[in-house]
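Every chain is numbered from 1 and lettered A, B, ... according to where its sequence line falls, protein lines coming before strand lines.
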Protein chains: 2
Amino acid sequence: MGQDLSRDQSRHLPMTAYALLGLLSFGDELTGYELKQRADRTLRFYWVSPAMSQVYSELERLHDLALVRRHGSGRTTSYSLTPMGRTTLTTWMRETPVGFPVLKHPVALRLLLGALVDPESITGMLRDHLARLEEERTDLEKVRVSLRGVDRSGDGFRYPALVADWGLSYFDHERTIIEDLLHRIETGT
Amino acid sequence: MGQDLSRDQSRHLPMTAYALLGLLSFGDELTGYELKQRADRTLRFYWVSPAMSQVYSELERLHDLALVRRHGSGRTTSYSLTPMGRTTLTTWMRETPVGFPVLKHPVALRLLLGALVDPESITGMLRDHLARLEEERTDLEKVRVSLRGVDRSGDGFRYPALVADWGLSYFDHERTIIEDLLHRIETGT
DNA sequence: CTCGCTTATTCCTAACAGGAACACTAACCT
DNA sequence: AGGTTAGTGTTCCTGTTAGGAATAAGCGAG
């Protein structure tokens, strides 16, 4: 039984686990709660923010695998990356086949079924979507600004800022698309 | 106990259920297998394609709720929308609060952690992503072409074609973004 | 001091992903 | 004919993920 565990390092973990390791890879010592917050704040633009339940159970597993260290100062427990955790993460970065993006776009799904309802219902939905798009964009803008400060770690490239720029341009593109769709629907192609 | 069921029509179903009802709303009589195929072919660009297991168990539920009709000709069973199923779907289209898109972008996630590995590893990943993007784009192009033929249902707007155009422009945008990123990384901002 | 807010964790349930297993059909192929 | 291979159609099982309720301690304001 025990001998199998020695090779368990090469087993792949659920994506959530790597996302958490990734958040810890920036060096901070974080509680489950803080990890969830950071995920909600920055990660959510490119990856689904894991549920609270998921964060804690995943941390449990990562601790069992010695990929994170526990810093239990009384009631609250915080976590940091172990050297082995860092190795696992970089190995995953290099060796794991990278999947294709998956999108769950409720607006597109409904647009597809647009013939079921009146056009006003569709244009209304698109306008609501535009408004929310704008909110999200300003949120991401704030994140990018705050990254400018933190992102001063020397030698490498400023990847988090790059990704933020990518996200912003994504929002901009979607806005023009939706505006165009609105125009086409209102005038009849 | 029984009396509660009378109000169960207003209960909301999982998203997968609405996606399946949506696929059936185009009028065909489909088996679970065919539904899965259609989802893989067209739906996947805007919504996660449900797993086989999910399709069959969801159809089971929809049948229990009398939202789909079963056409059991021997060993294979096909399904079609009941009037009540159509009503449920249009009600959902109009009344359900529309959520914000969720993206799982493994390339963006890794780019965020780019400092962990050498730049060549990142540019390699981006180039792979470009290639796959191109494949997906041509798949979607085929879908759009085939829609031109089917999409001749009279009065309304050609929504499926609209959504396909949206998807194509999404791929085009992502391609230019990635190419720009590659250039910026290779030259050092 | 107690009301409400944030932090922090645990637990439960339903939804979803992924694929193995099984069975039947059809084409083709030597 | 018999055999192989590919596609159709369904069921079952396990692990992962989503979502939120419940709990509790700490902390600032009235």
Side-chain angles (χ1 to χ4, degrees), chain A residues 8 11-21 23 28-41 43-44 46-65 68 70-79 96-97 99-104 106 109, chain B residues 8 11-21 23 28-41 43-44 47-65 68 70-79 96-97 99-106 109:
Chain A
D8 263 359
R11 282 258 56 68
H12 71 276
L13 296 163
M15 281 299 303
T16 307
Y18 294 106
L20 292 177
L21 290 176
L23 286 173
D28 305 294
E29 194 175 290
L30 303 169
T31 67
Y33 189 82
E34 286 169 323
L35 275 165
K36 169 64 174 160
Q37 281 189 318
R38 301 233 174 165
D40 285 346
R41 210 172 104 75
L43 207 64
R44 95 176 126 114
Y46 329 106
W47 199 262
V48 279
S49 215
M52 285 264 64
S53 47
Q54 190 85 22
V55 171
Y56 283 98
S57 59
E58 220 50 74
L59 283 172
E60 192 68 26
R61 181 202 324 238
L62 292 173
H63 182 253
D64 289 348
L65 294 170
V68 296
R70 244 198 256 267
H71 305 274
S73 35
R75 273 180 40 275
T76 73
T77 315
S78 58
Y79 296 84
T96 309
F100 200 73
V102 171
L103 182 63
K104 284 183 176 185
L109 176 59
Chain B
D8 263 1
R11 283 259 57 67
H12 71 276
L13 296 163
M15 282 297 304
T16 307
Y18 294 106
L20 292 177
L21 291 176
L23 285 174
D28 305 292
E29 193 175 289
L30 302 168
T31 66
Y33 189 81
E34 286 169 324
L35 276 164
K36 169 64 176 162
Q37 280 188 319
R38 301 233 174 165
D40 285 347
R41 212 172 102 72
L43 207 64
R44 93 173 127 115
W47 199 261
V48 278
S49 213
M52 287 263 62
S53 48
Q54 190 85 21
V55 171
Y56 283 99
S57 59
E58 219 51 75
L59 283 172
E60 192 67 26
R61 180 203 324 238
L62 293 173
H63 182 254
D64 289 349
L65 294 171
V68 296
R70 245 198 256 267
H71 306 272
S73 35
R75 279 179 31 277
T76 74
T77 316
S78 59
Y79 295 84
T96 308
F100 200 73
V102 171
L103 183 62
K104 284 182 176 184
H105 205 307
L109 176 59

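From the 5' end on, the contacts that DNA chain D makes with chain B at under 4.0 Å to a non-hydrogen atom open and close at dT8(D) to dC13(D). The outermost nucleotides of DNA chain C lying under 4.0 Å from heavy atoms of chain A, listed 5' to 3', are dT7(C) to dC12(C).
With sequence neighbours excluded, the residues forming a side-chain contact (heavy atoms from CB on, under 4.5 Å) with Ser49(B) are Lys36(B), Ala39(B), Asp40(B), Arg44(B), listed by chain and number. Shown here are the side-chain contact (heavy atoms from CB on, under 4.5 Å) partners of Ser57(B), two or more places apart in sequence or in another chain: there are none. Every residue meeting the side-chain contact (heavy atoms from CB on, under 4.5 Å) condition with Ser53(A), not counting sequence neighbours, appears here in chain and number order: Ala51(A).
Residue Tyr79(B) is the one, among Ala17(A) and Tyr79(B), whose nearest nucleotide of DNA chain D lies closer to the 5' end (criterion: closest heavy atom).
The CG atom of Leu35(A) sits 11.5 Å away from atom CD of Glu58(A), with the distance rounded to the nearest 0.5 Å. In this structure, OG1 on Thr77(B) lies 9.5 Å from CZ on Arg75(B), to the nearest 0.5 angstrom. Note: Leu23(B) CG to Glu34(B) CD = 11.5 Å, rounded to the nearest 0.5 Å. Between the CZ atom in Arg70(A) and the CD atom in Glu60(A) there is a gap of 5.0 Å [rounded to 0.5 Å]. Expressed to the nearest 0.5 Å, how far CG of Leu13(B) lies from CG of Leu21(B) amounts to 7.0 Å. Rounding to the nearest 0.5 angstrom, the gap separating the CG atom in Leu43(B) from the CD atom in Gln37(B) is 14.0 Å.
Residue Gln37(A) is in sugar-phosphate contact alone, with no base atom involved, counting any heavy-atom pair closer than 4.0 Å across all strands shown.
Under the 4.5 Å side-chain criterion, counting only non-hydrogen atoms from C-beta, Tyr79(B) is not in contact with His71(B).
Of the residues in residues 46-55 of chain A, those with a non-hydrogen atom less than 4.0 angstrom from any atom of DNA chain C are Met52(A), Ser53(A).
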